[in-house]
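Just so you know, these numbers use all the heavy atoms, side chains as well, and skip hydrogens, waters and symmetry mates. Predicted, not measured: the structure shown is a model, and the values here were computed from it.
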Amino acid sequence: MSSLFIYIFTCYFFLLILKTYRTLWRYAGVREILTVVNSLIIANLLYLIYFLFFLNTQWPFTLMLFLCLCSILAISGFRVFLITKHQWRSVRSHSHKRVLIIGAGVAGTRVADQIISTKELDYTPIGFIDDDPKKQNLEILGIPVLGERADIKNVINRNKITDIIIAMPSVHQSEIREIVNVCKKTKANVKILPPIEKVIKGKISFHEIRDINLKDLIGREIIQPTERLKEYLFNKCVLITGAGGSIGSELAMQVAQCEPKSLTLLGHGENSIFNIGLRIKEKFPHVKTNLIITDIQDKHLIEQAFRQYRPHIVFHAAAHKHVPLMELNERAAVQNNIFGTKILAQASKKFGAERFVLISTDKAVHPVNIMGMTKRIGEMIIQYYSTESSTKFSIVRFGNVLESSGSVIPIFKHQIESGGPVTVTHPDMVRYFMTIPEAVQLVLEAGALSEGGEVFVLDMGEPVRIDDLAKNLIRLYGYEPGVDIPIQYTGIRPGEKLNETLFYENEKIGPTPHPNIVIAIPLNNQVPHLLMNIEQLERTLLQSSGNIRPILMEIIQNQLEF
């Protein structure tokens, strides 16, 4: 009897020392169970030593070892039972949302554990989906793995799933997009876990799980900024044209983060310039901001701005870029995109700007519309001045940006919110997309890499069918394409192409130090008779007669044939 008392006392002593009695077991987890097991193992090892060397008993050693193991299983098992009973009773008595977790790895397990252990969450985890064949038909935290990615739709229908959580933060964005597209074809609500950085830092929280957005549907990877940005923008005078627009305003915000000496925001829309100036002042009060309301076609006011503020770096984002609208307003496109660019380039050369970055477009490659033609000639102007000036002139060419003013996304959103139909020009039309912050960040990176005369082309990822984009956006709103919201095909509009490309055939593609930026190197950088041709174009406009389009095409063709 005394030996039993010693055994009980030894176990109790180590459980007490390791503070297991201070644990609130309804909220305990694996760590607390391991603490109990460890304390019991230590106690039993000490008792076995006592049993072997100090007790004069006929009990077999194997029997004593069996009793020790039983005590460990009994005490720790009882606590596991208490935890499981409380958690499942709590979840099942309060929840009505049935959750399927995509991903049975560390992240998915943590999400499931938080759902089970947090009483306030109105969810019941029904199962996991995971492509690992070793996990099939197993249970994690008492929750079964119900199948692979291909089984998602059947699992949702069979188990009456109301909500889906994608817990795969380290998976490539293209795979996430595929999973999202499958999930959005069901009636379940879809949410996604934060980026892998938060998972690594142990910051997974159920409350940080967010709804799927358009960026997830596009499948763009997150790009991390480099130290180059702050180094070349720090303590510099920066001028941004078109600063009130989608790209220009994001440029202003990202440049302000790099602590420039001054930031000059130039545009012709007073409300948009005022608003971005107010945002900069609120978020970056230490940055000296100059607001200028003028048109880039006004040479006198542009030179006055350069003379007064002496910018070291110029980002030229101002442009007329709406393709069908510019087909109807050819002269406006020419005056803004060609003559305005020329005026800014001349002012940059005259007042000694260090760098000039023109923001161009994929529509400047083999252009068939007025907007693309004028942007291509704008590129040619910048290439010309790069050979005539100490200013490092460069061009950044990329495709469409999500939710920029005039882009297809706001139009689709308005049509969906109005009940449809959503108008798509052609079921096979394909475009490249990236987010505005990503595009702007790469524009700044390209500016840092410039040595003069380059055409930097941004990695736009995989092209996206506009028809798929429209359907995914409809599903994002919780509707079924063609059922709740009709899709209407209207035909290709004037000046549009089914596909866009980012390079000319005579441009060699060269790498840069940045993995998401390449250089399109023309076989010949010379632009013969360019200024003469532009003067002819100006005379045609002044005469208010003559067809502009053939002149634009001739200027571009001359450069390609040279």
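Residue Leu531 holds its CG atom at 5.0 Å from OH of Tyr385, rounded to the nearest 0.5 Å. Rounded to the nearest 0.5 angstrom, Ile302 CD1 and Ile292 CD1 are separated by 7.5 Å. Summarising the geometry, atom CD1 belonging to Ile381 is positioned 10.0 Å from atom CD1 belonging to Ile343; distances are rounded to the nearest 0.5 Å. With rounding to the nearest 0.5 Å, the separation of NZ in Lys392 from CZ in Arg355 is 4.5 Å. Considering OG of Ser386 and CG of Leu358, their distance stands at 11.5 Å, rounded to 0.5 Å. Rounding to the nearest 0.5 Å places CD1 of Ile377 at 12.0 Å from NZ of Lys342.
Contact check for Val287 versus Pro260: side-chain heavy atoms found under the 4.5 Å cut-off. Side-chain contact between Phe306 and Leu301: absent, with no pair of heavy atoms (C-beta onward) separated by less than 4.5 Å. Put simply, the side chain of Ile556 reaches to within 4.5 Å of the side chain of Met373, judged on heavy atoms. A 4.5 Å side-chain heavy-atom check between Leu530 and Ile555 finds at least one atom pair inside the cut-off. Residues Met429 and Pro427 have side chains not in contact (no heavy-atom distance under 4.5 Å, counting atoms from C-beta outward). Taking the side chain as every heavy atom from C-beta outward, Asn533 and Glu554 never approach each other to under 4.5 Å. Counting only heavy atoms from C-beta outward, the side chains of Val430 and Val464 never approach each other to under 4.5 Å. Taking 4.5 Å as the limit, some side-chain heavy atom of Leu552 sits within range of a side-chain heavy atom of Leu537.
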Start with the C-alpha distance between Ile382 and Val357, add both sets of side-chain angles, then the distance that settles side chain to side chain contact (heavy atoms under 4.5 Å, CB included), and finish with yes or no. CA-CA 9 Å; Ile382 296 307; Val357 181; over 6 Å; no
Determine whether Ile166 and Val190 satisfy the following criterion, side chain to side chain contact (heavy atoms under 4.5 Å, CB included), listing intermediate values before the conclusion. CA-CA 8 Å; Ile166 300 173; Val190 186; 3.9 Å; yes
Derivation and outcome, side chain to side chain contact (heavy atoms under 4.5 Å, CB included), residues Leu458 and Val396: CA-CA 7 Å; Leu458 307 187; Val396 180; 3.8 Å; yes
Decide yes or no on side chain to side chain contact (heavy atoms under 4.5 Å, CB included) for Ile165 and Ile102, but give the supporting numbers first. CA-CA 6 Å; Ile165 297 173; Ile102 312 294; over 6 Å; no
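For the salt bridge (Lys or Arg N to Asp or Glu O under 4.0 Å) condition, no pair includes a residue of residues 244-257, sequence neighbours left out. Counting only residues at least two apart or on different chains, the salt bridge (Lys or Arg N to Asp or Glu O under 4.0 Å) pairs with a member in residues 296-306 are Glu303-Lys350. The salt bridge (Lys or Arg N to Asp or Glu O under 4.0 Å) pairs that include a residue from residues 424-434 are Asp428-Arg465, Arg431-Glu500, where partners are two or more places apart or lie in different chains. Applying the side chain to side chain donor-acceptor pair (under 3.5 Å) test to every pair with at least one member in residues 258-284, sequence neighbours left out, gives these pairs: Lys230-Glu259, Thr264-Asn290. Sorted by first and then second residue, the salt bridge (Lys or Arg N to Asp or Glu O under 4.0 Å) pairs with a member in residues 287-296 form an empty list; sequence neighbours excluded.
For Glu379, the salt bridge (charged side-chain N to carboxylate O under 4.0 Å, His left out) test picks out Arg376, Arg397, with sequence neighbours left out. With sequence neighbours left out, Asn337 forms a side-chain hydrogen bond (donor to acceptor under 3.5 Å, both in side chains) with Thr374. Residues that satisfy the ring pair (Phe, Tyr, Trp, His ring centres under 6.0 Å) test with Phe393, not counting sequence neighbours, are Phe356. Applying the side-chain hydrogen bond (donor to acceptor under 3.5 Å, both in side chains) criterion to Asp467, with sequence neighbours excluded, gives Lys471, Tyr489. In this view, Gln488 satisfies the side-chain hydrogen bond (donor to acceptor under 3.5 Å, both in side chains) rule with no residue, not counting sequence neighbours. Take Arg549 and apply the salt bridge (charged side-chain N to carboxylate O under 4.0 Å, His left out) test, not counting sequence neighbours, and it matches Glu327, Glu330.
What you find for Leu263 and Ala256 is that their closest heavy atoms are CD2-CB, 4.2 Å. For the residue pair Ile313 and Phe315, the shortest heavy atom distance occurs at CG2-CE1, 3.6 Å. What you find for Gly378 and Thr341 is that their closest heavy atoms are O-CG2, 4.0 Å. Closest of all the heavy-atom pairs between Val424 and Ala470 is CG2-CB, 3.8 Å. In terms of heavy-atom proximity, Ala252 sits nearest to Ile280 at O-CD1, 3.6 Å.
Within the 3.5 Å criterion, the main-chain N or O of Ala446 finds no donor-acceptor partner in the side chain of Ser450. Under a 3.5 Å cut-off, the side chain of Thr512 and the backbone N or O of Ile517 do form a donor-acceptor pair. Between the side chain of Ser418 and the backbone N or O of Gly420 there is no donor-acceptor pair closer than 3.5 Å. Counting only distance, with no hydrogens or angles, the side chain of Glu454 and the backbone of Ile395 share no donor-acceptor pair below 3.5 Å.
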Which pairs would a plain distance check flag for residues 233-243, meaning a side-chain donor or acceptor within less than 3.5 Å of a matching protein atom at least two apart in sequence or in another chain?
residue: Lys236; atom: NZ; partner: Glu354; partner atom: OE1; Å: 3.2
residue: Lys236; atom: NZ; partner: Glu354; partner atom: OE2; Å: 3.2
residue: Thr241; atom: OG1; partner: His316; partner atom: ND1; Å: 2.8
residue: Thr241; atom: OG1; partner: Ala317; partner atom: N; Å: 3.0
residue: Thr241; atom: OG1; partner: Ala318; partner atom: N; Å: 3.1

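Counting heavy-atom neighbours within 6.0 Å of Phe274 CZ, excluding the residue itself, gives a total of 12 or less.
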